[in-house]
Amino acid sequence: VNIEKKLYGGKGFVIIEDVTPSEIPEGFNSRDAVIANDAKICTNTEALKDNIEVYKFLEKLFEWGHYSPFEQAVLKFRIKAPYVVWSQIDRHRSFIYSSQLRRSGRYAKFTVDEFYIPEYLSSYSSWIEGEESSKETLENIVDKALFNYEEMLQAGVPKESARFVLPAFCLMYEDLVTVNLKNLFHFLALRTDKRAQREIRELADGMMELTRTLFPYSIKIFSENIKPVNYDFNEI
Ligand SMILES: Cc1cc2nc3c(=O)[nH]c(=O)nc-3n(C[C@H](O)[C@H](O)[C@H](O)COP(=O)(O)OP(=O)(O)OC[C@H]3O[C@@H](n4cnc5c(N)ncnc54)[C@H](O)[C@@H]3O)c2cc1C
């Protein structure tokens, strides 16, 4: 597999690079059949024969809270997202991170293409006289920061120290994360919620959309049984 969704106005993306089970079993139309038939080991009963049986059985697993068969399905995502999103993904300890691909500001130079500037900031006014919107002001801040960064490099400051002048939350980073379907459900329940920050929601929605193409029944059942997050941000 190599399925991709562009994110963050084209500056970022999410790709599913690899998946276990790698094949759809003969006679079925999705990898969900593997999860369902793996779960059959417990009861040692006859293998499921068709897609409707698979769907109904997965529904039962959900109803019972018997989630461990979903841990047999594993997805490897390549993600490019702004640092503000990574600071939230990183809290999910059930993800396995590569961190080797996350760009090193010690060795590589940052350029203007690597800053995420949300389009929606154009609908907020600027706090700087003569500038049209918050978006324009943020663009100018990034330009000025990059100018100062270059000046520092020219003055011989090492890259690892010159980067202190950059607005780091906007910077785009790329990394690989691997997660099983059960833990992905947990992540999606928290991060597709309308109260999650819009940027992580954009990523979570993208991850769910791509995962749906590989595990359509599991994602359908998950979406229908998703538990609402039990708090209201305004009350915190
Ligand atoms: C809307 C929203 C707002 C948030 N706001 C804040 C905030 O203001 N500040 C902040 O710091 N964080 C915040 N977070 C992050 C949140 O506290 C979690 O760290 C993050 O969502 C990861 O969730 P998790 O621990 O359940 O997931 P994972 O780390 O992936 O863990 C999955 C599950 O494994 C179990 N588990 C894993 N490790 C342990 C362990 N050591 N002990 C016990 N059980 C474990 C738990 O059941 C856990 O739910 C926010 C999250 C959301 C969704």
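Just so it is clear, the values below take in all heavy atoms, side chains as well, and ignore hydrogens, waters and symmetry mates. Just follow the structure's listing: the first ligand is 1, and inside any ligand the first atom is 1.
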Exercise for review: Sequence neighbours left out, what pairs pass salt bridge (Lys or Arg N to Asp or Glu O under 4.0 Å) with at least one residue falling in residues 2-11?
Suggested key: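 Output for this query lists Glu4-Lys6, Lys5-Glu209.
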Exercise for review: Going by heavy-atom distance to atom 26 (O) of ligand 1, choose the closest among Arg201, Gln197, His186.
Suggested key: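 Residue with the shortest heavy-atom distance to the ligand atom: His186.
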Point to revise | Close-contact set for ligand 1 against Leu190 heavy atoms, below 4.0 Å | key: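 Close to Leu190: 21 (O), 23 (O), 53 (C).
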Review point. Going by the order shown, which atoms of ligand 1 are within less than 4.0 Å of some heavy atom of Arg91?
Key: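 Answer for ligand 1: 10 (C), 11 (O), 12 (N), 19 (O), 20 (C), 22 (C), 29 (O).
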Practice item. May I ask you to check whether Arg191 has an N/O atom sitting below 3.5 Å from an N/O atom of ligand 1? Key: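 So ligand 1 has an N or O lying under 3.5 Å from an N or O of Arg191.
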Check your understanding: N/O of Arg195 under 3.5 Å from N/O of ligand 1, yes or no?
Key ->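 No, Arg195 has no N/O under 3.5 Å of an N/O on ligand 1.
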Practice item. Verify the distance criterion only: is there a donor paired with an acceptor across the side chains of Asp175 and Ser98 at less than 3.5 Å? Key: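 A donor-acceptor contact under 3.5 Å links the two side chains.
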**Study point:** Distance-only side-chain donor-acceptor flag, Glu136 / Ser133, under 3.5 Å
**Key:**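 On atom types as modelled, these side chains do not qualify, holding no pair under 3.5 Å.
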Check your understanding: Is the Tyr8-Phe13 ring centre distance short of 6.0 angstrom?
Key ->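 No: the rings miss the under 6.0 Å criterion.
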Review point. Can Gln88 be said to touch ligand 1, with heavy atoms closer than 4.0 Å?
Key: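 Judged by the 4.0 Å heavy-atom criterion, Gln88 does not count as contacting ligand 1.
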Side-chain donor-acceptor pairs of residues 28-35 under 3.5 Å, sequence neighbours excluded:
| unit_1 | atom_1 | unit_2 | atom_2 | d |
| --- | --- | --- | --- | --- |
| Asn29 | OD1 | Tyr217 | OH | 3.3 |
| Asn29 | ND2 | Tyr217 | OH | 3.4 |
| Ser30 | OG | Asp32 | N | 3.1 |
| Ser30 | OG | Asp32 | OD2 | 2.7 |
| Arg31 | NE | Pro21 | O | 2.9 |
| Arg31 | NH2 | Ser22 | O | 3.1 |
| Asp32 | OD1 | Ser218 | N | 3.0 |
| Asp32 | OD1 | Ser218 | OG | 2.5 |
| Asp32 | OD2 | Tyr217 | N | 3.0 |

